[in-house]
**Q** 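Once you've had a glance at the structure underneath, I'll fire off some questions.
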Amino acid sequence: MTSQEIKSLTNQYVMNTYGRFPVAIDRGEGARLYDPEGREYIDFTSGIGVSALGYGCEPWLEAVNAQGKKVVHTSNLFYTETPARLAETLCKRTGESCVFFANGGGEANEGMIKLARKYSFDKYGQGRSTIITLQNSFHGRTITTLKATGQDVFHNFFFPFTEGFRYAEANSLDALKAQAGADVCAVMLELVQGEGGVLPLDKDYVKAVEALCAEKDWLLLVDEVQTGVGRTGSLFAFQQYDILPDVCSFAKGIAGGLPMSGIMANEKCRGVLTPGTHATTFGANPVCAAAGLVVQEILSDAFLESVKEKGQYLRDGIEALNLPCFGKTRGLGLMIGIEVREGWTNKEIANRLIEAGLLVLTAGPGIRLLPPLVITRDEMDKGLEIMKKTLA
């Protein structure tokens, strides 16, 4: 099909819930994508942080194909090898104790919220179920995770929302303490607020929150849907903050492009969710888990260090362009935010760059870059050149 035919068919039969850019994608290689007519795009998005290994990764394709020939799905009423091995790898690499596998980020965060409330119910009984989240946060699109999101713009249309959330200003321990009470069971945060504009939290603040949670027996919940699986230059961002969450969610790049997510819990929380209290039909899919094992094999310590180096190279390159529409960059690893100066809009800039052959994202008022972790120096240079020619 041609690009126009794909767009027309989509517009006719798919719900119009996405503000799509006018590009149809046919195939990819490395960090490059191509439309049906063969036009090349440098990809600084990786499917919103999902295609961590880029496109056409041979070990990934071989693992998915091999597992597909054996068994695709059995449900969690039976045992299968690949999810058990993936859970073992994640626990050994992070210090967490156990894993629950799900399908998407919102679902993972729902599971994390359920675990926190059940932990408190089991220990203290009813009435201790409120979770404090941060202003400008984003935790998902379900009814509950929308309410957990600390942005008023998302609290509309879908009333009534799930109750039990209060919001505190980021990087202010006093603001967090002001939301405390006998009804609180947990604090939930993103270490880099992604949809809010790629805003890293202060490390001293995060350590202080960890201490406060330990003091009050609140669970520390870390949403690593976007920051996890190598995106920030460590396997999980919490490892750069020198903390061990009670529960951590993950999704996006965990299976390198296939739908998979989950939560990891520490030893204190490993027995909270018992048979019948939480489940999902497609979670721990053997094919997705086989893909996830390849991701883990590739994300060695040396590879993760290269992610930090690539992120710094890209940020330095953007700031050196001194473009009139861009201010400072921020972020960790290959999770990069770019300030948009007054007089410009991020959507205007994104559309210009995409039209010129560079795929980018927006977040908050800024531009967001989430390139495949395997992006090469040549591909980054081509992306920078497109920025220079298009926005100078």
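Sequence positions, counted from 1, serve as the residue numbers for this chain. Below, all heavy atoms of this structure are taken into account, side chains as well, without hydrogens, waters or symmetry copies.
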**Q** Return yes if some donor-acceptor pair links the side-chain N/O of Asn171 with the main-chain N/O of Asp202 below 3.5 Å, else return no.
**A**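 Side chain of Asn171 to backbone of Asp202: a pair is present.
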**Q** What I'd like to find out is whether the side chain of Phe238 reaches to under 4.5 Å of the side chain of Cys248, using heavy atoms alone.
**A**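 They are in contact (side-chain heavy atoms under 4.5 Å apart), so the answer is yes.
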**Q** How far apart are the C-alpha atoms of Phe159 and Phe161, what are their side-chain angles, what is the distance that settles it, and do they pass the ring-ring contact (aromatic ring centres under 6.0 Å, His included) test?
**A** CA-CA 5 Å; Phe159 307 104; Phe161 288 101; 5.5 Å; yes
**Q** Between Leu201 and Val192, is there a side-chain heavy-atom distance shorter than 4.5 Å?
**A**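 In short, these two side chains do not touch, never coming nearer than 4.5 Å.
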**Q** Just how far is it from atom OG1 of Thr162 to atom NZ of Lys147, taken to the nearest 0.5 Å?
**A**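 Result: 9.0 Å between the selected atoms.
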**Q** For the ring pair Phe165 and Tyr167, is the centre-to-centre distance below 6.0 Å?
**A**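 Between Phe165 and Tyr167, the centre distance exceeds or equals 6.0 Å.
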**Q** Do Lys252 and Glu224 meet the salt-bridge criterion of a basic N to acidic O distance under 4.0 Å?
**A**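 No.
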**Q** Just so I know, are the side chains of Trp218 and Leu212 near enough to count as touching, which here means a heavy-atom distance under 4.5 Å?
**A**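 Counting from C-beta outward, Trp218 and Leu212 do come under 4.5 Å.
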**Q** In Å, rounded to the nearest 0.5 Å, how long is the span from CZ of Arg231 to CZ of Phe236?
**A**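 Rounded to the nearest 0.5 Å, the CZ-CZ separation comes to 13.0 Å.
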**Q** Does a donor on one side chain and an acceptor on the other come within less than 3.5 Å for Glu355 and Asn351?
**A**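 No, Asn351 and Glu355 have no side-chain donor paired with an acceptor closer than 3.5 Å.
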**Q** Can you pull the side-chain hydrogen bond (donor to acceptor under 3.5 Å, both in side chains) pairs that have at least one residue in residues 275-297, sequence neighbours excluded?
**A**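 side-chain hydrogen bond (donor to acceptor under 3.5 Å, both in side chains) check on residues 275-297 returns Arg93-Gln296, Asn103-Thr280, Glu107-Thr280, Lys114-His278.
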**Q** My understanding is that only residues two or more places apart in sequence, or in another chain, count here; which of them pass salt bridge (charged side-chain N to carboxylate O under 4.0 Å, His left out) with Lys92?
**A**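 Here the qualifying residues are Glu88.
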**Q** Could you tell me whether a side-chain N or O of Thr82 sits under 3.5 Å from a main-chain N or O of Pro286, the two making a donor and an acceptor?
**A**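 Yes: the side chain of Thr82 pairs with the backbone of Pro286.
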**Q** Looking at side-chain heavy atoms only, is the closest gap between Met387 and Leu358 below 4.5 Å?
**A**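 Yes. Closest side-chain heavy atoms under 4.5 Å.
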**Q** Tell me the closest heavy-atom pair linking Ala170 and Leu134, and the distance in Å.
**A**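 The answer is CB-CD1, 4.1 Å.
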**Q** Sub-3.5 Å donor-acceptor pair from the side chain of Ser120 to the main-chain atoms of Ala116, do we have one?
**A**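 No: the side chain of Ser120 does not pair with the backbone of Ala116.
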**Q** Would Lys328 and Glu339 satisfy salt bridge (charged side-chain N to carboxylate O under 4.0 Å, His left out), going step by step from the backbone distance to the final call?
**A** CA-CA 6 Å; Lys328 292 290 186 180; Glu339 175 188 340; over 6 Å; no
**Q** Shared ILVMFWY cluster between Ile42 and Ile338, side chains joined below 4.5 angstrom?
**A**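 Yes; tracing contacts between hydrophobic side chains, which count when under 4.5 Å, links both residues.
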**Q** Decide yes or no on salt bridge (charged side-chain N to carboxylate O under 4.0 Å, His left out) for Arg117 and Asp122, but give the supporting numbers first.
**A** CA-CA 9 Å; Arg117 288 178 171 171; Asp122 290 347; over 6 Å; no
**Q** Does a salt bridge link Asp217 with Lys123, judged by any charged N lying under 4.0 Å from a carboxylate O?
**A**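 The answer is yes: the pair qualifies as a salt bridge.
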**Q** Could you state the interatomic distance from CG (Leu332) to NZ (Lys308), rounded to the nearest 0.5 Å?
**A**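 Going from the CG atom of Leu332 to the NZ atom of Lys308 covers 9.0 Å.
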**Q** For the NZ atom on Lys388, are there more than 12 heavy atoms of other groups (residues, nucleotides or ligands in this structure) within a distance under 6.0 Å?
**A**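 At most 12 heavy atoms, drawn from other residues, nucleotides or ligands, come within 6.0 Å of this atom.
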**Q** Looking only at side chains, do Asp381 and Tyr313 share a donor and an acceptor under 3.5 Å apart?
**A**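 There is such a pair between these side chains.
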**Q** Going by atom types alone, do Ser8 and Gln4 pair a side-chain donor with an acceptor below 3.5 Å?
**A**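 Checked: Ser8/Gln4 side chains pair up, N/O donor to acceptor below 3.5 Å.
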**Q** I need the minimum non-hydrogen distance between Leu244 and Gly95, along with the two atoms involved.
**A**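 Heavy atoms of Leu244 and Gly95 come nearest at CD2-O, 3.8 Å.
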**Q** Indicate if Val374 and Ile25 have the same hydrophobic cluster label, given that clusters are the connected sets of ILVMFWY residues with side-chain heavy-atom separations under 4.5 angstrom.
**A**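 No, separate clusters.
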**Q** Nearest heavy-atom pair of Leu391 and Arg352: which atoms, and what distance?
**A**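 Result for this residue pair: CD2-CD, 4.3 Å.
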**Q** Using modelled atom types and a 3.5 Å cut-off, is there a donor and acceptor pairing between side-chain atoms of Thr142 and backbone atoms of Gly106?
**A**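 Not confirmed, Thr142 side chain does not pair with Gly106 backbone.
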**Q** For atom CG of Asn156, decide whether the heavy atoms of other residues, nucleotides or ligands shown that lie under 6.0 angstrom number more than 12.
**A**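 It does: Asn156 CG has more than 12 such atoms within range.
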**Q** Where do Asp223 and Leu189 land on the side-chain contact (heavy atoms from CB on, under 4.5 Å) test, with the steps shown first?
**A** CA-CA 6 Å; Asp223 176 350; Leu189 47 81; over 6 Å; no
**Q** As a quick check of understanding, evaluate side-chain contact (heavy atoms from CB on, under 4.5 Å) for Tyr79 and Thr74, giving each step before the final call.
**A** CA-CA 8 Å; Tyr79 294 89; Thr74 64; over 6 Å; no
**Q** Checking the side chain of Glu319 only, and the main-chain atoms of Thr329 only, is there a donor and an acceptor separated by less than 3.5 Å?
**A**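 Indeed, once roles are kept as given, a pair shorter than 3.5 Å links the two residues.
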**Q** Rounded to the nearest 0.5 Å, what's the gap from CZ on Phe44 to CG on Leu370? Could you check?
**A**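 With rounding to 0.5 Å, CZ (Phe44) is 11.5 Å from CG (Leu370).
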**Q** Under 4.5 Å between any side-chain heavy atoms of Ser3 and Pro36, yes or no?
**A**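 Yes, their side chains come closer than 4.5 Å.
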**Q** Regarding Glu309 and Ser306, is there a side-chain donor-to-acceptor distance under 3.5 Å anywhere?
**A**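 No pair is found: no donor N or O on one side chain lies under 3.5 Å from an acceptor on the other.
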**Q** Just how far is it from atom CG of Leu86 to atom CD1 of Ile254, taken to the nearest 0.5 Å?
**A**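 Rounded to the nearest 0.5 Å, the CG-CD1 separation comes to 5.5 Å.
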**Q** Determine yes or no for a side-chain-to-main-chain donor-acceptor pair under 3.5 angstrom, with Trp60 supplying the side chain and Ala255 the backbone.
**A**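 A pair under 3.5 Å: yes.
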**Q** Could you see if Leu221 belongs to whatever hydrophobic cluster contains Met264? Use Ile, Leu, Val, Met, Phe, Trp, Tyr and a side-chain cutoff under 4.5 Å.
**A**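 No, Leu221 does not connect to Met264 through the hydrophobic network.
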**Q** Stepwise, does the side-chain contact (heavy atoms from CB on, under 4.5 Å) test hold for Ile336 with Leu314?
**A** CA-CA 9 Å; Ile336 299 170; Leu314 202 50; 3.9 Å; yes
**Q** Evaluate Met112 against Leu115 for side-chain contact (heavy atoms from CB on, under 4.5 Å), listing each step before the verdict.
**A** CA-CA 5 Å; Met112 187 158 64; Leu115 191 154; 5.8 Å; no
**Q** Would a distance-only check, ignoring hydrogens and angles, find a side-chain to backbone donor-acceptor pair under 3.5 Å from Lys207 to Ile243?
**A**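 No: the side chain of Lys207 does not pair with the backbone of Ile243.
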**Q** Establish, from distance only, whether the side-chain atoms of Gln240 and Ser234 form a donor-acceptor pair under 3.5 Å.
**A**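 Their side chains do contain a donor-acceptor pair, which is all the 3.5 Å distance test asks for.
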**Q** Which value, rounded to the nearest 0.5 Å, describes the distance between Ser137 atom OG and Met188 atom CE?
**A**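 If we round to the nearest 0.5 Å, Ser137:OG and Met188:CE are 8.0 Å apart.
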**Q** Using side-chain heavy atoms (C-beta onward) and a distance below 4.5 Å, is Met260 in contact with Phe101?
**A**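 They are in contact (side-chain heavy atoms under 4.5 Å apart), so the answer is yes.
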**Q** Do Ile349 and Phe326 have side chains that get closer than 4.5 Å, going by heavy atoms?
**A**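 Result yes, sub-4.5 Å side-chain heavy-atom pair found.
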**Q** Where is the tightest heavy-atom contact between Asn109 and Ser249, given as atom of each residue plus distance?
**A**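 That would be OD1-OG, 2.7 Å.
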**Q** When you measure from the side chain of Arg315 to the backbone N and O of Leu334, does any donor-acceptor pair fall under 3.5 Å?
**A**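 Looks like no, no N/O pair under 3.5 Å.
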**Q** Checking side-chain polar atoms at under 3.5 Å, does Ser51 have a donor or acceptor matched by the opposite partner on Ser46?
**A**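 There is no such pair (donor and acceptor under 3.5 Å, judged by atom type) between the side chains of Ser51 and Ser46.
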**Q** Are Tyr55 and Asp43 linked by a side-chain donor-acceptor pair shorter than 3.5 Å?
**A**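 Yes, a side-chain donor-acceptor pair sits under 3.5 Å.
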**Q** Taking all non-hydrogen atoms of both residues into account, name the closest pair between Gly28 and Tyr34 and its distance.
**A**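 Minimum heavy-atom separation between Gly28 and Tyr34: CA-CD1, 4.5 Å.
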**Q** Counting only N and O atoms by type, is there a donor-acceptor contact under 3.5 Å from the side chain of Arg330 to the main-chain atoms of Val198?
**A**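 Flag set: sc Arg330 to bb Val198 pair under 3.5 Å.
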**Q** Does CG belonging to Asp204 count more than 12 external heavy atoms closer than 6.0 Å?
**A**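 Counting neighbours around CG of Asp204, 12 or fewer heavy atoms of other residues, nucleotides or ligands fall under 6.0 Å, so no.
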**Q** Answer yes or no: is there a side-chain heavy-atom contact under 4.5 Å between Glu267 and Arg270?
**A**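 Result yes, sub-4.5 Å side-chain heavy-atom pair found.
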**Q** For the backbone of Phe138 and the side chain of Glu190, can you confirm whether one donor and one acceptor N or O come within less than 3.5 Å of each other?
**A**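 The answer is yes, because a donor-acceptor pair under 3.5 Å joins these two groups.
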**Q** Which heavy atom in Arg141 sits nearest to a heavy atom in Thr145, and how many Å separate them?
**A**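 Distance-wise, the nearest heavy atoms are N-OG1, 3.3 Å.
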